[in-house]
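Numbering of ligands and ligand atoms starts at 1, following listing order.
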Amino acid sequence: MQLGSLVASLCALSSTVLADADFASVRRRLRKDMSGRKTDPAEKYFHIGVETWLMHGSLLGWWWNKQIMPWDSDIDVQVMEPSMYYLAAYYNMSVFHYKTPRIPEGRDYLLEINPHYHNREQTDLLNAIDARWIDTVTGLFIDITTARYNLSHPAGAGMLSCKDGHEYRDTYLLPLHDTKFEGAPVKIPYRFQDMLESEYGIDALTDKDFHDHTFDDDSMEWVPHMNIQAQERLNHGY
Ligand SMILES: *[C@@H]1O[C@H](CO)[C@@H](O)[C@H](O)[C@H]1NC(C)=O
Ligand SMILES: *[C@@H]1O[C@H](CO)[C@@H](O)[C@H](O)[C@H]1NC(C)=O
């Protein structure tokens with residue numbers, strides 16, 4: 001799936017920008033070949049860098065079968081506020097070239113940062129999405145939103161707010177949990193089940209009929225009802 005290779009490219013971005021800032025390359029419309037680049041030492045991950053985790057529909061897709069749900073048209077990830085400032089300062093409109101197993105010849109991905117990223121208020125609804133990671137061939141993109149510490153939250157310290165109105169305590173998020181999505185290494189919130197339940201309700205985690213699809217436990221896939229009906233017609237010979 002096209003969106004799948006987009007996930008792989010985003011993972012590559014995360015490990016790329018973990019490196020110490022390479023000031024010679026900090027400029028607009030930078031185009032770099034990022035494939036074949038060595039990954040930073042694992043311990044470096046915890047000092048600097050852009051940690052990103054799955055949220056919303058992508059986290060729900062992960063819950064079911066570690067894949068994008070067939071009816072989802074985008075991918076949602078989040079970063080912390082300092083990471084968004086870092087990306088805005090050094091990587092706006094940067095084009096990164098990545099080779100992934102699915103696209104061995106490589107492809108260009110553009111990172112675009114919304115100029116309203118520094119507006120923290122939930123009233124800025126039109127700009128809830130702070131950045132996009134865009135596949136320049138297909139136009140498919142990953143939405144990047146920001147989790148911001150909310151110092152005036154009535155529930156006290158440690159509350160994170162997002163411009164789309166979602167709020168959660170940082171102990172639900174951290175430490176991030178390593179897993180795979182569409183075959184690529186990704187991170188998810190520590191208490192992913194609680195996060196999903198509060199966003200979608202408990203039924204979304206158990207209900208196998210959704211969006212004209214049924215979840216098939218054997219194949220671990222969402223099967224469109226259209227296909228199920230066609231199969232039944234075949235089985236019954238009409
Ligand atoms: C990123 O670049 C685009 C295109 O130049 C510009 O419209 C936008 O305001 C920039 N974003 C930031 C955060 O500077
Ligand atoms: C902080 O939390 C309060 C209560 O939920 C909310 O009204 C406010 O918009 C939040 N502030 C920010 C900057 O997100």
Side-chain angles (χ1 to χ4, degrees), residues 6 9-10 12-14 16-32 34 48-57 59 74-98 107-174 176 189-191 194-201:
L6 199 52
S9 73
L10 183 80
L13 172 77
S14 304
T16 299
V17 295
L18 289 182
D20 289 326
D22 167 8
F23 288 103
S25 67
V26 175
R27 57 184 145 82
R28 287 290 157 90
R29 289 231 148 251
L30 156 97
R31 191 175 183 283
K32 282 178 147 183
M34 298 301 177
I48 6 167
V50 176
E51 277 194 319
T52 166
W53 59 91
L54 298 183
M55 276 302 273
H56 309 310
L59 189 57
D74 63 8
I75 299 170
D76 288 300
V77 301
Q78 271 191 347
V79 298
M80 285 287 195
E81 192 172 30
S83 300
M84 186 52 70
Y85 271 80
Y86 179 74
L87 291 175
Y90 294 112
Y91 292 99
N92 187 28
M93 300 309 278
S94 293
V95 177
F96 297 84
H97 188 78
Y98 289 113
R107 190 170 277 184
D108 285 348
Y109 299 91
L110 170 72
L111 183 68
E112 182 171 3
I113 316 288
N114 187 328
H116 299 270
Y117 76 94
H118 51 80
N119 182 341
R120 315 183 83 237
E121 298 306 321
Q122 295 181 349
T123 45
D124 190 26
L125 261 187
L126 292 178
N127 294 297
I129 294 161
D130 290 294
R132 275 193 170 146
W133 178 245
I134 304 162
D135 179 327
T136 59
V137 173
T138 61
L140 294 170
F141 50 79
I142 296 178
D143 283 336
I144 308 176
T145 52
T146 308
R148 299 171 166 90
Y149 275 105
N150 186 336
L151 303 178
S152 57
H153 199 285
M159 288 300 292
L160 292 160
S161 289
C162 312
K163 270 161 125 179
D164 61 12
H166 285 100
E167 302 186 325
Y168 50 86
R169 198 169 277 289
D170 57 1
T171 49
Y172 279 60
L173 179 68
L174 303 169
L176 292 170
Y190 181 62
R191 290 175 66 173
D194 293 316
M195 297 273 252
L196 284 170
E197 279 180 21
S198 73
E199 184 167 0
Y200 296 104

In the protein, which heavy atom is nearest to atom 5 (O) of ligand 2, and how far is it? Glu167 OE2, 2.6 Å
Report the relative orientation of the aromatic rings in Tyr98 and Trp133; use parallel for angles under 30°, tilted for 30 to 60°, perpendicular for over 60°. tilted
Would a 4.0 Å cut-off, counted as strictly less than, catch a protein heavy atom around atom 7 (O) of ligand 2? no
Look only at interatomic distance and state if Met93 has a nitrogen or oxygen under 3.5 Å from any nitrogen or oxygen of ligand 1. no
Restricting to heavy atoms, the pick from Asn150, Thr123, Asp124 nearest atom 1 (C) of ligand 2 would be Asn150
Can you tell me if Arg120 uses its side chain to pair, donor with acceptor, with the backbone of Tyr149 under 3.5 Å? yes
For ligand 2, which atoms sit closer than 4.0 Å to a heavy atom of Ser161? 1 (C), 10 (C), 14 (O)
Should the proximity of Arg148 to ligand 2, defined as any heavy atom under 4.0 Å, be assigned to the side chain, the backbone, both, or neither? neither
min-distance protein heavy atom vs atom 13 (C) of ligand 2 -> Arg120 O, 3.4 Å
Is there a side chain to side chain donor-acceptor pair (under 3.5 Å) between His56 and Asp164 once you walk through the steps? CA-CA 11 Å; His56 309 310; Asp164 61 12; 3.2 Å; yes
Mark yes or no for whether Asp124, through its side chain, and Lys163, through its backbone, hold a donor-acceptor pair below 3.5 Å. no
Any N or O of Asn114 closer than 3.5 Å to N or O of ligand 1: no
Can you name the nearest heavy-atom pair linking Gln122 to Ser161, along with the distance? NE2-CB, 3.7 Å
Atoms of ligand 1 under 4.0 Å from any heavy atom of Tyr117, numbered from 1 in the order shown, are 13 (C)
Would Glu81 and Arg148 pass as an ion pair if we require N to O under 4.0 Å? yes
For a quick test of reading the model, state the closest non-hydrogen atom pair linking Gly57 to Tyr200 and the distance between them. N-OH, 2.9 Å
